[in-house]
2 protein chains.
Amino acid sequence: MRLTRAGEYGIRCVLDLARHGKGILVSRKEIAVRTDVPPHFLAKIAQQLARAGIIEILQGASGGYRLLSDPSEITLLAVIEAVIGEISLNDCVGRPESCDNSALCTVHRVWNKANRQLRETLQEADFATLAAEDACCLTPFPKTDGRNPPSGKK
Amino acid sequence: MRLTRAGEYGIRCVLDLARHGKGILVSRKEIAVRTDVPPHFLAKIAQQLARAGIIEILQGASGGYRLLSDPSEITLLAVIEAVIGEISLNDCVGRPESCDNSALCTVHRVWNKANRQLRETLQEADFATLAAEDACCLTPFPKTDGRNPPSGKK
DNA sequence: GATATATAAGATATATTTTGTCTTATATCG
DNA sequence: CGATATAAGACAAAATATATCTTATATATC
């Protein structure tokens, strides 16, 4: 019951793009290095973000990725679900037919509530806000000026 | 980001016991058949429930499991976390040290909120309430009187 | 105490999912 | 056209989850 790495990577990618701003082209390689995501894995994730209409991918020399919307209009939920599919905390939330009796089932009802709350909370978080302050899980951003070293991993 | 089968099985097991009531001994085999959980897998899950103080395991002929508390005092959260460990939706929730900057990080803050909400919702659900009505994900209970057949799977 | 039955505990096997890489193809710039 | 960047899908590796099997131990009953 934990966000997959792919989902986490998707967030990092959009966060990096959000910091550059809507429409600004950033190369995959650059993003991969800065966010510490394997380049080819990032490519796959980017394709999903593109399919969801969150980013645009430009091929060719000097290609890369760019945000299609203003960061303030992109939610954490949208990014996560673009990568890992719609969130469903329990099987019976996403596939009611997996239960005999999901309409009445009290357990089912709790999961539905929890699932709705979770999605709401993730939907309230937009990338303008997220990008505004320091975000962890990212190697330091361009504005790095000496303090805040790569700290730790490799 | 989905409850594991083990977690689901733990819920079924406690739900079955809750329907019998606190202190009532029910054999593993009986529970396994009724909840459609592989007996040996159920054994492992039961051991975790026992370690968490939710059930008591009796060995020997005519052994089995029984609830140590009144169903009204057992929460969905307690059962789930007994089986799968403490819920943390994102790695950085459970291990703040995995982030450079978890105290300030805005993404981290969202996950913390979501995680707290989820745990609260699961904590509000007690097994007296859950067992009171029909619960899905269970083959029919003793009170079955002909309607509500095993429906479907095998 | 002997026997039958039930669970304990841990080793092992299987399946599934996730993560990461590699290769070939395609697009774009200069 | 050549250099460079991404697309797309096959493939490999790793991690995790699920399930089973075996040996040991506890308890009831005779």
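Keep in mind the model is a prediction, meaning the values are calculated, not measured. Sequence lines set the chain letters: A, B, ... in the order given, protein chains first and strands last, and positions in each chain run from 1.
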Subject >> Integer-rounded Å distance: dA19(D) P and E8(B) CD >> reply: 12 Å
Original post:
Nearest to the side chain of Q59(B) - dA7(D), dT25(D), dT20(D)?
Top reply: dT25(D)
Subject >> Residue whose closest nucleotide on DNA chain D lies nearer the 5' end, G63(A) versus K44(A) >> reply: G63(A)
Subject >> Side-chain heavy-atom pair E124(B), T75(B) within 4.5 angstrom cut-off >> reply: no
**OP:** Compare the minimum distances between each of dT18(D), dT6(D), dT7(C) and the side chain of S27(B), then state the nucleotide with the smallest one.
**Re:** dT7(C)
Original post:
If you measure only the distance, is there a donor-acceptor pair under 3.5 Å linking the side chains of T121(A) and Q117(B)?
Top reply: yes
Original post:
Is there any ring pair (Phe, Tyr, Trp, His ring centres under 6.0 Å) pair reaching into residues 27-47 of chain A, and which pairs are they, with sequence neighbours excluded?
Top reply: Y9(A)-F41(A)
Original post:
Going through the distances and angles, do K22(B) and E73(B) end up as a salt bridge (Lys or Arg N to Asp or Glu O under 4.0 Å)?
Top reply: CA-CA 10 Å; K22(B) 168 181 175 182; E73(B) 291 177 350; over 6 Å; no
Subject >> Protein-nucleotide distance (F41(B), atom CZ; dT7(C), atom P), rounded to Å >> reply: 17 Å
**OP:** Would you indicate whether the side-chain heavy atoms of L118(A) and L77(A) approach each other to under 4.5 Å?
**Re:** no
Subject >> Student check: side-chain heavy atoms of L76(A) and Q123(A) closer than 4.5 Å >> reply: no
**OP:** Give a yes/no answer on whether the side chain of R28(B) brings an N or O atom under 4.0 Å of OP1 or OP2 in dA6(C).
**Re:** no
Original post:
When we call it a touch if two heavy atoms are under 4.0 Å apart, what does A46(B) touch: a base, just sugar-phosphate, or nothing?
Top reply: nothing
Subject >> Distance in angstrom units between M1(A) CE and dA17(D) P, rounded >> reply: 12 Å
Subject >> Nearest-Å distance for atom pair CG/P, residues L3(A) and dT18(C) >> reply: 11 Å
Original post:
For I57(B) and dA26(D), what is the distance between atoms CD1 and C1' respectively, to the nearest whole Å?
Top reply: 13 Å
Original post:
Atom CG of L42(A) to atom P of dC22(C): distance rounded to whole Å?
Top reply: 16 Å
Original post:
Does Q47(B) put a side-chain nitrogen or oxygen below 4.0 Å from OP1 or OP2 of dA8(C)?
Top reply: yes
**OP:** Give the nucleotide from the list dA27(C), dC22(C), dT19(C) with an atom nearest to the side chain of H40(A).
**Re:** dC22(C)
**OP:** Measure from the side-chain heavy atoms of Y9(B) and tell me the nearest of dA19(D), dT6(D), dG20(C).
**Re:** dA19(D)
Original post:
Between dT19(C) atom C1' and R12(A) atom CZ, what is the distance in whole Å?
Top reply: 13 Å
Original post:
Is there a Watson-Crick or G-U wobble partner for dC30(D) with both distances under 3.5 Å, and if so, which one is it?
Top reply: dG1(C)
Original post:
Given that R51(A) and A61(A) both sit by DNA chain D, which one's nearest nucleotide is further toward the 5' end?
Top reply: A61(A)
**OP:** Please check the phosphate of dT16(D) (OP1 and OP2 only) for any side-chain N or O of R5(B) closer than 4.0 Å.
**Re:** no
Subject >> N/O (side chain, T4(A)) to phosphate O (OP1/OP2, dT19(C)) under 4.0 Å >> reply: yes
**OP:** Name the residue closer to the 5' end of DNA chain C, choosing between A6(A) and L58(A) according to the nucleotide with the nearest heavy atom.
**Re:** A6(A)
Original post:
Could you give the CG-to-C1' distance, from L25(A) to dT4(D), as a whole number of Å?
Top reply: 14 Å
